[in-house]
Amino acid sequence: MCGIVGYIGLSDAQPILLSGLEKLEYRGYDSAGIAVHNGKKIDIVKSKGRLYELKKKLSSNNLKGNLGIGHTRWATHGIPSDVNSHPHTSNNCKIAVVHNGIIENYLELKKNLSQSIFSSDTDTEVIAHLINKYYVPGKIENLIDAILKVLTKINGSYALAIICEDFPDKLIGVRKDNPLVIGLGENENFIASDITAIVNYTRDVYFLDDEQIALLDSKNVTVFDKNKNVVKKDVFKVDWNVESTQKGGYDFYMLKEIFEQPKIINDFISLNLSDNNFLDKINLSNKQIKKFNRIYIVGCGTAYHAGLIGARLMERLPNVFVRAHMASEFRYSNQIIDEKTLLIAISQSGETADTLAALRIAKKNNARVLSIVNVVGSSIARESDNVIYIAAGPEIAVASTKAFSAQLMAFYVLVCNLYRSLEIISEQQFLQMQEKLRELPSLVNQILSCENEIKDKAQKYLSCKNVFYIGRSLDYFIALEGSLKLKEIAYLYSQAYAAGELKHGPIALIDDTILVIGILTQENIIEKTLSNLKECKSRSGKIFTVTSQIDNKVKNISDDVFVIPKTHEIFEPLLANIVLQLFAYYIANGLGYDIDKPRNLAKSVTVE
Ligand code: M6R
């Protein structure tokens, strides 16, 4: 959830670390710090607050040196404060460490060390003290040995970047259950928790695997396993460009990413629709599909909502039990998992700890794992049997938008192909669905061109304190997603309800202070949701309807309506969601919030 960057080379480390931290700030941002080796010793500056607080401190105290590590922190152990910010050092300041993850047994380890050497409340500090304890000054091998010994003592998850006063030209990285990439440059090398931090400098990277340790100097990178055997790594070429990590004239990344959706959907179509062998591509032959009698779909937050839609569409497959689970709950659900199980793991980042944990449970029980992932080379992608890459480019805003649409595209293309392959639909119906998919980018564009209309509607409801999102079936899943967006960025209390559930309790809350947003796209159930909206209206609720089916009945009960274009009804939820994305964005914008960095949240949740 925090961010790590490290540099060794011929340039000044500080500006490179700060530019990396700027790119990482979206991952965690209650404090930040850097450590730079000045040739003789390690200098450290850290600060509570946003990165500009650290920059302010550094403006009168520039750190000079060609080796350094930096960190943006999202507090887990100890409040956000200067002293709890990373880097943490051993008490003699020989070792400096930055850490993402959680050391579960840190209190136990701390007990065996002198309490007076600790200056922070973090779990990380114990790592610096332990490395220092085991390190026998001398050769770099001694430092590696000390680090490897510490790894045998600590439990939990970590990505670490480490420097030592004795080695002004050595940078070390190590990981377990937390991502770490090594960037390969010319006469310079990098460490980062996220490619975004170093993509300005290099596109050639190694992805470290669990319990691998990388030793970097300006010319070489050597990777070892936990037994100190050298590991040969393949260089991976990142195809993200620098512009894709910039705001490109938009006020916030979230808005930029909302507007990128037509292109992303189009890219997904070009990559996967012209391909008549989509199922072959992901290694799902007809025979294999028929072998599965259970399909579990797991994800968290927005990815889970995409999974709910995917599951509802896959329920049409014959002789197979399909269920979407929140990844964080999957392990408690006592599901039967065996070689006849297909687990579909959805994750934008490919690093979400709960989703990764669910994937590992499935693998352990011999299930097949197919993942739907954005970040190439991420842990979930690497541990899956097959991957559908959504190719949405870097998603920087904490609130996920374009990844959701691309995840839906992945399900749409997948189910269209499965329906055809299992003869649930005819070839002609398949071609019609494909045609409708091809139209989606232009339909999304039509909605985006109504940005001002949606903004005006949002302005009307700025003073609302409680919002209900209601819908049935696929529309209910979009209600969940719309409500999550509003909570995340506008800090408004909102609740999504399956429309039919309202009268079983929650309708008691409806009065003239409540906005009810109805999502009506599924033709066969529209009348029913409409009745639920009427019930809310007669209790003085304000009604905003997002629908593809406009008529007088809808107009009469709605205070506001937004009409989305009509298409195949399983694709309409994607369109309705674009409206809800913009609505949440303009509520948050109208309330003056820092939309890309919502309080208490981080982009990638790598702890369980
Ligand atoms: O990287 P992932 O897709 O695995 O992330 C899952 C959730 O943490 C994520 O969707 C989260 O709910 C977003 N902030 C939603 O906007």
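Start at 1 and go down the list; that is how both ligands and their atoms are numbered.
Ion pairing between a basic and an acidic side chain is recognised when a charged N comes within 4.0 Å of a carboxylate O; Asp267 and Lys402 show no such pairing. Salt bridge status for Arg50 with Glu53: absent, with no side-chain N to carboxylate O gap under 4.0 Å. Under the 4.0 Å criterion applied to side-chain N and carboxylate O atoms, Lys542 and Asp560 are not assigned as salt-bridge partners.
Ligand 1 lies under 4.0 Å from heavy atoms of Cys300, Gly301, Thr302, Ala303, Ser347, Gln348, Ser349, Thr352, Val398, Ala399, Ser400, Leu484, Lys485, Glu488.
For Phe544 and Phe583, the ring centers are positioned less than 6.0 Å apart.
Applying side-chain contact (heavy atoms from CB on, under 4.5 Å) to Tyr253 and the options Ile595, Thr401, Ile396 leaves one that passes, Ile396.
With hydrogens and angles disregarded, no donor-acceptor distance shorter than 3.5 Å links the side chain of Gln407 to the backbone of Ala306.
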